[in-house]
Amino acid sequence: MIRVTVLGLGAAGLPVALALQAGQVPGMMLHSVAASTIGRAQAKLPDVSAHLAQDIDAMGDLVVECLPPAAFAAVVGPIVQSGRDVLVASVGGLLNAPEVAAYAGQGRIFLPSGALGGLDGVRAIAASGNAQMRLASEKPVAGFEQSAYLTAKGIVLADLTTRTCLFSGPAREGVRLFPKNVNVVAALSLAGIGADDTQLELWADPDATTNQHKVTAIGPAAHFEALTINLPDPQNPRTSALTGFSLIAALRNIAAPIRFA
Ligand SMILES: NC(=O)C1=CN([C@@H]2O[C@H](COP(=O)(O)OP(=O)(O)OC[C@H]3O[C@@H](n4cnc5c(N)ncnc54)[C@H](OP(=O)(O)O)[C@@H]3O)[C@@H](O)[C@H]2O)C=CC1
Ligand SMILES: O=C([O-])CC(=O)C(=O)O
């Protein structure tokens, strides 16, 4: 059995821990969990060993990272360095903290599709060369946080009455400015043609009730579009409910003798 540690028990991490606990990932078992404090982790999962996210010795063979982006680099780098494999929800962390990616090889880093559909087609189109890729993402206003960048652009989220473009530009810049919102474009970039050549448009819509992500990938062999319409997690509207299921699907794939690749 592969022993799994889940770091972060919010919208993404809690469903993963519960699925492991319920035996829904063949070949894997829930070993331990972490939240912002040991007490908060124990309150959510009283029967599971809880520790801090920095306590590497307490972790199992495979770690599922579901932390806020700000915690990513300091926590994930040393875990990968310790030789453990990590399935990462905060995919944008790999762009914002490239030193973490440099440790891959000591332990492996697995990337899920997260709240996005279509990365299989994206990878094939990227392999065909000469591709163009872009993502248009749209969320309810409650899915965003006011930031210095938005204020400098004259955008006050609380005042928005119409669908508004918050950002248009290269994925790398979008991930830097909106680390909690566009892990999806980080995943698209890493699966496809890279964060400098992938384009992002980010929209906030006061009337929206779903998080929508539309991938467009154009290559010499195929033209591909994938629209994912996600329901937001009820507790955390920034995060789509599909994210946790994508992590569960990724764990099943990692454990399976016959895998998608
Ligand atoms: N790849 C993708 O497509 C997507 C990725 N994401 C990303 O996934 C990550 C997790 O998102 P989500 O589940 O929505 O986040 P939440 O805010 O819902 O949950 C975060 C969890 O991390 C815990 N936490 C906070 N700080 C620490 C710390 N220092 N050590 C240990 N635990 C800590 C919190 O603890 P407590 O419960 O005590 O508050 C909480 O359980 C984020 O980076 C998010 O941007 C999100 C959506 C899609
Ligand atoms: O959950 C979503 O729809 C997308 C998201 O927050 C992210 O990619 O960071």
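Just so we're clear, the structure is a prediction, and the values are computed from it rather than from any experiment. Hydrogens, waters and symmetry mates play no part in the numbers below; they use all other heavy atoms, side chains included. Order of listing sets the numbers, starting from 1, for every ligand and every atom in it.
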*How long is the span from the CZ atom in R84 to the CD atom in Q81, to the nearest 0.5 Å?*
12.0 Å
*Look at atom 17 (O) of ligand 1 and say which protein heavy atom is nearest, naming residue and atom and giving the distance to 0.1 Å.*
N236 ND2, 3.6 Å
_Tell me whether F245 at atom CZ has more than 12 heavy atoms from other residues, nucleotides or ligands lying less than 6.0 Å away._
no
*What protein heavy atom sits nearest atom 34 (C) of ligand 1, and how far off is it?*
S36 N, 4.2 Å
*Only one of V63, L30, D61 forms a side-chain contact (heavy atoms from CB on, under 4.5 Å) with R3, so which one is it?*
D61
_Please classify the K44 to ligand 1 contact at 4.0 Å (heavy-atom distances, strictly less than): side chain, backbone, both or neither._
side chain
_Distance (rounded to the nearest 0.5 Å) between D47 CG and L45 CG_ = 8.0 Å
_With a 4.5 Å cut-off on side-chain heavy-atom distances among I, L, V, M, F, W and Y, is there a chain of contacts connecting V25 to M1?_
no
*Could you find the nearest protein heavy atom to atom 3 (O) of ligand 1 and give me its residue, atom name and distance?*
A115 N, 2.9 Å
*Might you confirm whether atom CG of D55 has over 12 heavy atoms from other residues, nucleotides or ligands at distances under 6.0 Å?*
yes
*Looking at C66, which atoms of ligand 1 are within less than 4.0 Å of one of its heavy atoms?*
10 (C), 20 (C), 21 (C), 22 (O)
*asked:* Tell me the contacting part of K180 for ligand 1: side chain, backbone, both, or neither, using a 4.0 Å heavy-atom threshold, strictly below.
replied: backbone
_Per-atom contacts of ligand 1 with A12, taking only distances under 4.0 Å to non-hydrogen atoms_ = 12 (P), 13 (O)
*For atom 42 (C) of ligand 1, what is the nearest protein heavy atom, given as residue, atom name and distance?*
L67 O, 3.2 Å
*Write out the residue and atom name of the closest protein heavy atom to atom 39 (O) of ligand 1, then the distance separating them to 0.1 Å.*
R40 NH2, 3.2 Å
*Give the residue, atom name and distance (to 0.1 Å) of the protein heavy atom nearest atom 5 (C) of ligand 1.*
A89 O, 3.2 Å
_Treating T239 as the side-chain partner and A11 as the backbone partner, does any N or O pair qualify as donor plus acceptor under 3.5 Å?_
no
_For ligand 1, which is the ligand I care about here, please tell me if V91 has any N or O atom under 3.5 Å from one of the ligand's N or O atoms._
no
*Return yes when S240 approaches ligand 1 closer than 4.0 angstrom through a heavy atom, no otherwise.*
no
_Salt-bridge contact E145-K180 (side-chain N to carboxylate O under 4.0 Å)_ = yes
*Considering only heavy atoms of S90, which atoms of ligand 1 have at least one such atom less than 4.0 Å away?*
9 (C), 42 (C), 43 (O)
_Are more than 12 heavy atoms, taken from residues, nucleotides or ligands other than R134, located less than 6.0 Å from that residue's CZ atom?_
no
*Indicate, with yes or no, if L111 and V182 share a hydrophobic cluster defined by side-chain heavy-atom contacts under 4.5 Å among Ile, Leu, Val, Met, Phe, Trp and Tyr.*
yes
*asked:* Test of understanding: clusters of I, L, V, M, F, W, Y form through side-chain heavy atoms closer than 4.5 Å, transitively. Do L190 and Y103 belong to the same one?
replied: yes
*Look at the side chain of N236 and the backbone N and O of R238, then say whether any donor-acceptor pair between them is shorter than 3.5 Å.*
yes
*Pick one of side chain, backbone, both or neither for how N183 approaches ligand 1, counting any non-hydrogen atom pair under 4.0 Å.*
side chain
*Can you check whether T239 has an N/O within less than 3.5 Å of an N/O in ligand 1?*
yes
_Proximal candidate to atom 22 (O) of ligand 1 [heavy atom criterion; set G114, A35, P68]_ = P68
*Return yes or no for this condition: an N or O of A34 is under 3.5 Å from an N or O of ligand 1.*
no
*Report yes or no: does T5 contribute a side-chain atom to a donor-acceptor pair with the main-chain N or O of L62 at less than 3.5 Å?*
no
_CZ/R123: more than 12 non-hydrogen atoms of other groups inside 6.0 Å_ = no
_For atom 48 (C) of ligand 1, what's the nearest protein heavy-atom neighbour? Residue, atom name and distance, please._
T243 OG1, 3.3 Å
_Within this structure, what is the OG-CG distance for the pair S90 and L95, rounded to the nearest 0.5 Å?_
12.0 Å
Find all protein N or O atoms under 3.5 angstrom from an N or O atom of ligand 2 and list the pairs with distances, or write 'none'.
{"unit_1": "ligand 2", "atom_1": "1 (O)", "unit_2": "S240", "atom_2": "N", "d": "2.7"}
{"unit_1": "ligand 2", "atom_1": "1 (O)", "unit_2": "S240", "atom_2": "OG", "d": "3.2"}
{"unit_1": "ligand 2", "atom_1": "3 (O)", "unit_2": "H213", "atom_2": "NE2", "d": "2.7"}
{"unit_1": "ligand 2", "atom_1": "3 (O)", "unit_2": "S240", "atom_2": "OG", "d": "2.5"}
{"unit_1": "ligand 2", "atom_1": "6 (O)", "unit_2": "K139", "atom_2": "NZ", "d": "2.7"}
{"unit_1": "ligand 2", "atom_1": "6 (O)", "unit_2": "R238", "atom_2": "O", "d": "3.0"}
{"unit_1": "ligand 2", "atom_1": "8 (O)", "unit_2": "N181", "atom_2": "O", "d": "3.3"}
{"unit_1": "ligand 2", "atom_1": "8 (O)", "unit_2": "N183", "atom_2": "N", "d": "2.9"}
{"unit_1": "ligand 2", "atom_1": "8 (O)", "unit_2": "V184", "atom_2": "N", "d": "2.8"}
{"unit_1": "ligand 2", "atom_1": "9 (O)", "unit_2": "K180", "atom_2": "O", "d": "3.4"}
{"unit_1": "ligand 2", "atom_1": "9 (O)", "unit_2": "N181", "atom_2": "O", "d": "3.3"}
{"unit_1": "ligand 2", "atom_1": "9 (O)", "unit_2": "V182", "atom_2": "N", "d": "3.4"}
{"unit_1": "ligand 2", "atom_1": "9 (O)", "unit_2": "N183", "atom_2": "N", "d": "3.1"}
{"unit_1": "ligand 2", "atom_1": "9 (O)", "unit_2": "N183", "atom_2": "ND2", "d": "2.8"}

_Distance in Å, Q212 CD paired with S137 OG, rounded so as to fall on 0.5 Å steps_ = 9.5 Å
*Indicate yes or no: does an N/O atom of V184 lie under 3.5 Å from an N/O atom of ligand 1?*
no
*Could you tell me whether E138 and K214 have a side-chain N and a carboxylate O separated by less than 4.0 Å?*
no
*Please indicate whether any nitrogen or oxygen in L9 is less than 3.5 Å from any nitrogen or oxygen in ligand 1.*
yes
*Among all protein non-hydrogen atoms, which one is nearest to atom 19 (O) of ligand 1, and what is the separation to 0.1 Å?*
G10 CA, 3.3 Å
*Measure A53 to ligand 1 on non-hydrogen atoms and call it side chain, backbone, both or neither using the 4.0 Å cut-off.*
side chain
*Does any N/O atom on A71 come nearer than 3.5 Å to any N/O atom on ligand 1?*
no
*Counting from 1, what ligand 1 atoms have a heavy atom of A11 closer than 4.0 Å?*
13 (O), 14 (O), 18 (O)
*From N211 atom CG to D205 atom CG, the distance as rounded to the nearest 0.5 Å*: 11.0 Å
